[in-house]
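Only a predicted model underlies this, so the values are computations on that prediction, with no experimental measurement involved. Below, all heavy atoms of this structure are taken into account, side chains as well, without hydrogens, waters or symmetry copies.
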Amino acid sequence: MLSFIFTDTDGNRHILSRPLSLTVRMDESVPADDLCAVFAYRRLPELTTLRMNDDRGTVFVGVVDEQEHILSDKGRLLRICARSLAAHLLDNEAAPRCYDHPSASLIYERHVRPYGILREEEDDATFFGEQSVGKGMSQWTVLKNFCTACYSTTPRVTADGYLRMKGADNLSEVCFSDSGDGLAYTELREVKKRCEEISRVNMKVHEDEGYRYSVDNTDALQRGVCRERYLNAALISTPMTCADAMIQNGAAASYGIRLKCSGCALDKMGCRATVRNRLLGEIKDLYVSSVSYRLGADGDTTTLQLKRRKDVCGYQDM
């Protein structure tokens, strides 16, 4: 059973359960997860934080954005909207400064840890260059810029309050199946978008040379996809990584599977996934890129968006 532990401005705790409706959304492209719950009316003081637990433990930790008392002839309701702890990084500006060879631990200690977000990885990579923090940059922008430069990833703050600098991947695996040998689903939609794939990235490595090098997406080329891009790698500190990221992002956007499952599957966000279907066969090398959970009078369902993984493509001289 779900329980909701709120904290008010005086530090007092308030525990609610049995929401009339609940929506939780997670998406790798949106920094902060969000939650909206509606309860039977209960008079509460101003709320500041929220922790949602289920039978397995904590599944959402965040800050209360909206607290609405709805009083009408149709009934009396309490509506609470919250975002995960990544909201702190979005809502707060970072102090302007310039870093020389910043490390992952330094960025975490100065820009993330003060907001109560724990770090999951032990890796302490260093970015061999300068990173400027300009006036008006959010803490999230500083963190994202570092992770993009150092890991070629977009960081992820999980719904239960942990930072993953290398992205949403949680290293767990899940199998979805319509044959009883995995997590069951009630609906499957598969879409292929050739218009999203990039077949080749042409690169200039030195300013006095042309675009003599390329990174090829061999799979796309073999399938007749023709979408090329140009990258002036002489201006970028990690050219190979940037080119690979462009191809991988295009590949991820070009294919997707949408599943609907009964019950709550919030813990599947970022999981590596396999889909088994009696008509489509077995589809591997996927991961869960977004999760949307809804609870209402007619029960609860989870909608999951799956994208495919893409191996690093080859590099060759033109």
Side-chain angles (χ1 to χ4, degrees), residues 1-28 30-93 111-120 138-140 143 155-164 168 170 263-270 290-303:
M1 184 178 70
L2 295 174
S3 64
F4 300 78
I5 305 170
F6 295 96
T7 303
D8 63 27
T9 53
D10 294 324
N12 299 316
R13 298 202 318 165
H14 306 270
I15 301 178
L16 300 180
S17 60
R18 302 185 184 280
L20 301 177
S21 67
L22 171 67
T23 301
V24 182
R25 297 181 300 178
M26 307 175 182
D27 192 306
E28 66 175 357
V30 180
D33 303 327
D34 64 80
L35 175 153
C36 185
V38 177
F39 302 90
Y41 179 74
R42 177 174 170 180
R43 185 176 179 83
L44 292 176
E46 182 178 348
L47 303 175
T48 59
T49 64
L50 158 68
R51 180 180 296 271
M52 183 176 79
N53 298 332
D54 65 8
D55 296 334
R56 294 166 294 182
T58 300
V59 293
F60 190 98
V61 177
V63 295
V64 174
D65 283 336
E66 298 181 21
Q67 179 177 346
E68 183 178 14
H69 296 161
I70 305 172
L71 309 175
S72 70
D73 295 338
K74 297 181 180 180
R76 299 184 298 173
L77 302 172
L78 171 65
R79 178 174 172 269
I80 305 293
C81 292
R83 287 176 296 160
S84 61
L85 293 181
H88 287 307
L89 306 183
L90 294 168
D91 295 347
N92 287 277
E93 287 188 10
H111 298 278
V112 182
R113 186 177 181 181
Y115 302 102
I117 300 170
L118 304 176
R119 189 178 174 204
E120 202 166 75
S138 68
Q139 303 283 28
W140 173 259
L143 172 65
R156 172 77 183 165
V157 177
T158 64
D160 56 349
Y162 287 85
L163 170 64
R164 293 175 181 158
N170 66 13
C264 180
L266 289 173
D267 60 332
K268 305 307 179 189
M269 179 65 189
S290 72
V291 178
S292 178
Y293 172 70
R294 298 182 184 276
L295 169 65
D298 55 349
D300 58 342
T301 59
T302 303
T303 301

Beyond-backbone contact of [X] with [Y], side-chain heavy atoms, under 4.5 angstrom:
X: Leu143; Y: His111; value: no
X: Leu22; Y: Leu35; value: yes
X: Pro155; Y: Trp140; value: yes
X: Val24; Y: Phe60; value: yes
X: Ser292; Y: Met26; value: no
X: Thr7; Y: Val64; value: no
X: Ile80; Y: Glu66; value: no
X: Tyr293; Y: Leu295; value: yes

What's the shortest heavy-atom distance between [X] and [Y], and which atoms?
X: Ala86; Y: Pro31; value: CB-O, 3.3 Å
X: Ala87; Y: Val63; value: CB-CG2, 3.8 Å
X: Phe4; Y: Ala37; value: CE2-CB, 4.4 Å
X: Ser290; Y: Asp27; value: CB-OD2, 3.5 Å
X: Leu90; Y: Ala32; value: CD1-CB, 4.0 Å
X: Pro45; Y: Asp8; value: CG-OD2, 3.4 Å

To the nearest 0.5 Å, what is the distance between [atom1] ([X]) and [atom2] ([Y])?
X: Lys268; Y: Leu266; atom1: NZ; atom2: CG; answer: 10.5 Å
X: Ser3; Y: Ile15; atom1: OG; atom2: CD1; answer: 7.0 Å
X: Leu47; Y: Thr49; atom1: CG; atom2: OG1; answer: 8.5 Å
X: Ser17; Y: Leu2; atom1: OG; atom2: CG; answer: 9.0 Å
X: Ser21; Y: Asp298; atom1: OG; atom2: CG; answer: 11.0 Å

Pair listing, ring-ring contact (aromatic ring centres under 6.0 Å, His included) test, anchored in residues 67-91, at least two apart:
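Output for this query lists Tyr41-His69, His88-Tyr115.
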Between Thr58 and Asp160, do the side chains contain an N or O donor and an N or O acceptor separated by less than 3.5 Å?
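No, no side-chain donor-acceptor contact under 3.5 Å.
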Check whether [X] reaches the backbone of [Y] with its side chain - one donor and one acceptor, N or O, closer than 3.5 Å.
X: Ser84; Y: Asp33; value: yes
X: Gln67; Y: Leu78; value: no
X: Thr48; Y: Thr9; value: no

As a quick check of understanding, evaluate side-chain contact (heavy atoms from CB on, under 4.5 Å) for Leu89 and Ile117, giving each step before the final call.
CA-CA 10 Å; Leu89 306 183; Ile117 300 170; 4.0 Å; yes
Check the pair Ile5, Asn53 against side-chain contact (heavy atoms from CB on, under 4.5 Å), reporting the backbone distance first and the verdict last.
CA-CA 8 Å; Ile5 305 170; Asn53 298 332; 3.6 Å; yes
List the steps and the verdict of side-chain contact (heavy atoms from CB on, under 4.5 Å) for Arg79 and Cys36.
CA-CA 7 Å; Arg79 178 174 172 269; Cys36 185; 3.6 Å; yes
Which residues satisfy the side chain to side chain contact (heavy atoms under 4.5 Å, CB included) test with Thr23, sequence neighbours excluded?
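Applying side chain to side chain contact (heavy atoms under 4.5 Å, CB included) to Thr23 gives Arg25, Arg294.
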Is it the case that more than 12 heavy atoms not belonging to Arg42 sit under 6.0 Å from its CZ atom?
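Yes - once you tally the heavy atoms of other residues, nucleotides and ligands closer than 6.0 Å, there are more than 12.
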So Glu28 and Met269, side-chain contact (heavy atoms from CB on, under 4.5 Å) or not? Walk me through it.
CA-CA 9 Å; Glu28 66 175 357; Met269 179 65 189; 4.2 Å; yes
Determine which pairs satisfy salt bridge (charged side-chain N to carboxylate O under 4.0 Å, His left out) with at least one residue from residues 80-90, sequence neighbours left out, and list them in order.
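Only Asp65-Arg83, Arg83-Asp91 qualify under salt bridge (charged side-chain N to carboxylate O under 4.0 Å, His left out).
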